[in-house]
Amino acid sequence: PLLLNGKLYCAACFPILPSGADYSFDVHPAIGIWDATTGKPMGRIPLPSGTVPWLTDLVSDGTSLYGNAYYQVSWGHCRSMIFRYDPATARTVWSINYPTASNDFVNMSVALSVDGGTLMAVFRAEDSPYKTDGTTIPTATHHVAAAFDTTDGHMLWSKTGEIPSSSSSMQD
């Protein structure tokens with residue numbers, strides 16, 4: 001969870017209640033927004049369908065909210081995204097989905113920090129394991145540090161180090 005200007009932000013799966021229904025099993029991932037003093041719901045920031053909420057990290061520069069999402073687009077096919085949200089306008093300023101290229105990072109479980117115009121992400125990632133025919137390719141796992149411009153989300157730089165498969169489970 002993140003506290004910002006009297007509001008609590010926390011990723012979770014929320015039910016979508018049809019008119020007149022008490023409960024629904026149709027749940028959607030989002031970042032819930034509550035008044036930090038009263039607990040009153042203030043809104044939601046939608047996340048892509050299939051997002052794993054406990055892998056969503058949030059950080060703020062005091063004005064904007066930044067976060068990530070790791071989600072399944074179809075069975076076994078995952079993507080990641082980072083985004084900037086402006087609480088003053090209640091709008092997402094930008095979001096970038098990965099992979100953006102055929103061999104780009106898919107599994108971004110992220111640790112975030114922000115300072116001025118730079119959003120820093122440190123994550124464990126895997127290259128895209130999908131061939132164009134939908135079959136998978138065993139791929140290496142990496143540690144990645146990347147910096148993004150907070151204005152539009154473009155990547156400023158990244159550093160990658162491969163994790164040997166023999167120690168991959170220990171690096172979790």
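Just so you know, these numbers use all the heavy atoms, side chains as well, and skip hydrogens, waters and symmetry mates.
- Under the 30°/60° scheme for interplanar angles, the aromatic rings of Tyr85 and Tyr9 are found to stand perpendicular.
- Proximity of a side-chain donor or acceptor of Asn68 to a complementary backbone N or O of Met81 within less than 3.5 Å is not detected.
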Next item on the list: Carefully, step by step, assess Leu119 and Val59 under the rule side-chain contact (heavy atoms from CB on, under 4.5 Å).
Entry: CA-CA 9 Å; Leu119 174 66; Val59 67; 4.0 Å; yes
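- Asp149 CG: more than 12 foreign heavy atoms inside a 6.0 Å radius.
- Checked by atom type and distance alone, the side chain of Asp86 never pairs as donor or acceptor with a backbone atom of Thr63 at under 3.5 Å.
- Between Ala69 and Pro48, the shortest heavy-atom distance links the atoms CB-CD, 4.1 Å.
- Between Tyr70 and Ser80 the shortest heavy-atom distance is CD1-OG, 3.5 Å.
- Put simply, the side chain of Leu47 reaches to within 4.5 Å of the side chain of Ile31, judged on heavy atoms.
- In terms of heavy-atom proximity, Ala36 sits nearest to Leu3 at CB-CD2, 3.7 Å.
- In this structure, Phe148 and Leu156 have side chains that are not in contact, with every pair of non-hydrogen atoms separated by 4.5 Å or more.
- Checked by atom type, the side-chain pair Tyr71/Asn97 shows a donor-acceptor distance below 3.5 Å.
- Side chains of Ile45 and Thr92 form a contact here, defined as non-hydrogen atoms less than 4.5 Å apart.
- Across every non-hydrogen atom of Leu65 and Pro87, the tightest pair is N-CD, 4.3 Å.
- Heavy-atom neighbours of Trp157 CH2 from other residues, nucleotides or ligands within 6.0 Å: above the threshold of 12.
- Side chains of Tyr66 and Asp61: a donor on one and an acceptor on the other come within 3.5 Å.
- The closest donor-acceptor contact from the side chain of Trp94 to the backbone of His154 lies at 3.5 Å or more, if one exists at all.
- From Cys10, atom SG reaches atom CG of Leu58 across 7.5 Å, with rounding to the nearest 0.5 Å.
- The two atoms that bring Gly67 and Leu112 nearest to each other are CA-CD1, 3.7 Å, heavy atoms only.
- Under a 3.5 Å cut-off, the side chain of Thr38 and the backbone N or O of Lys40 do form a donor-acceptor pair.
- Annotation for Pro29 and Ser49: closest pair CG-CA, 4.3 Å, computed over non-hydrogen atoms.
- The backbone N or O of Thr150 lies less than 3.5 Å from a partner atom in the side chain of Arg84, making a donor-acceptor pair.
- Under the 3.5 Å distance criterion, the side-chain polar atoms of Ser60 are matched with a main-chain donor or acceptor of Gly62.
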